[in-house]
Amino acid sequence: MKLEYASEKVRLQCTSVKAANKLFGGKVNMTISLLARINALESAEHIKDIIVQPAFRFHSLKNKKGRNLEGFFAIDVKTIREPWRIILQPLDENKQPYVPCNIDEIADYVRVVEVMEVSNHYE
């Protein structure tokens with residue numbers, strides 16, 4: 001799959017060991033896991049390859065605290081026990097979001113995702 005990044009900061013966090021270590025406060029195991037997840041996303045042919053892997057815990061996000069998260073999904077950076085997740089938005093071949101975004105219908109076709117952020121779920 002092709003990955004797009006919402007910002008240069010997000011791209012660096014997902015591709016640079018130094019930036020990822022800073023994000024996770026020096027937790028090397030989290031840095032390794034994030035880089036492995038990004039590698040898995042890049043290696044996937046389409047998003048369904050990620051959805052079917054239970055370890056990623058691919059799930060849709062709900063609108064929360066005034067944020068419209070409809071059409072966004074998340075995967076865990078490491079495990080469900082860790083609060084960190086990667087927030088993704090499926091994009092079409094023109095790099096536009098699917099509206100509406102029914103992931104069950106488009107999973108076989110999505111070959112581009114935008115990494116919106118790597119965030120601590122509880123912050």
For Asn21 and Lys27, what are the C-alpha separation, side-chain angles and deciding distance, and is it a side-chain contact (heavy atoms from CB on, under 4.5 Å)? CA-CA 6 Å; Asn21 269 333; Lys27 293 183 180 176; over 6 Å; no
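The two residues Leu3 and Glu42 have their closest heavy-atom pair at CD1-CG, 3.5 Å. In terms of heavy-atom proximity, Phe73 sits nearest to Ser60 at CD2-CA, 3.4 Å. Residues Gln13 and Ala20 share a closest heavy-atom pair of O-CB, 3.4 Å. When all heavy atoms of Tyr5 and Thr15 are compared, the closest pair comes out as OH-CG2, 3.9 Å.
A donor-acceptor contact shorter than 3.5 Å links the side chain of Ser33 to the backbone of Val77. Panel note: side chain Thr79, backbone Arg81; a donor-acceptor pair is recorded below 3.5 Å. Distance alone, capped at 3.5 Å, is enough to place a donor-acceptor pair between the Asp49 side chain and the Glu45 backbone.
With rounding to the nearest 0.5 Å, the separation of CZ in Phe72 from CG in Asn63 is 10.0 Å. Rounded to the nearest 0.5 Å, atoms CG (Leu23) and CD (Glu117) are 10.5 Å apart.
When side chains are defined from C-beta on, Val52 does not count as touching Phe58, because their heavy atoms never get closer than 4.5 Å. Ile47 places a side-chain heavy atom less than 4.5 Å from the side chain of Ile51. Contact annotation: the side chain of Val10 never approaches that of Met116 to less than 4.5 Å [non-hydrogen atoms, C-beta and beyond]. Looking at Glu8 and Leu12, their side chains come closer than 4.5 Å, going by heavy atoms from C-beta outward. Contact check for Met30 versus Glu82: side-chain heavy atoms found under the 4.5 Å cut-off. In this structure the side chain of Leu34 never reaches within 4.5 angstrom of the side chain of Trp84, judged on heavy atoms. Residues Arg111 and Lys2 have side chains not in contact (no heavy-atom distance under 4.5 Å, counting atoms from C-beta outward).
Within a 6.0 Å sphere centred on CD of Gln53, other residues, nucleotides and ligands contribute more than 12 heavy atoms.
Neither Ile38 nor Ile32 shares a network with the other; the hydrophobic side chains, linked directly or stepwise wherever heavy atoms of I, L, V, M, F, W or Y lie under 4.5 Å apart, form separate groups for each. Side-chain heavy atoms closer than 4.5 Å link hydrophobic residues (I, L, V, M, F, W, Y) into clusters, and following such links, even through other members, never connects Ile50 to Leu35. When the side chains of ILVMFWY residues are joined at heavy-atom separations under 4.5 Å, either directly or via intervening members, Met1 and Ile75 end up in a single hydrophobic cluster. In the hydrophobic cluster analysis, where Ile, Leu, Val, Met, Phe, Trp and Tyr join through side-chain heavy atoms closer than 4.5 angstrom, Phe24 is grouped together with Val115.
Legend: residues meeting side-chain hydrogen bond (donor to acceptor under 3.5 Å, both in side chains) with Arg37, ordered by chain and number and at least two apart, are absent.
We find that Asp76 and Arg85 are not joined by a salt bridge, their nearest charged nitrogen and carboxylate oxygen being 4.0 Å or further apart.
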Donor-acceptor contacts, no H, no angles, side chain residues 86-101, under 3.5 Å, sequence neighbours left out:
from  : atom 1 : to    : atom 2 : distance (Å)
Asp92 : OD1    : Asn94 : N      : 2.8
Asp92 : OD1    : Lys95 : N      : 3.1
Asp92 : OD1    : Gln96 : N      : 2.9
Lys95 : NZ     : Glu4  : OE2    : 3.1

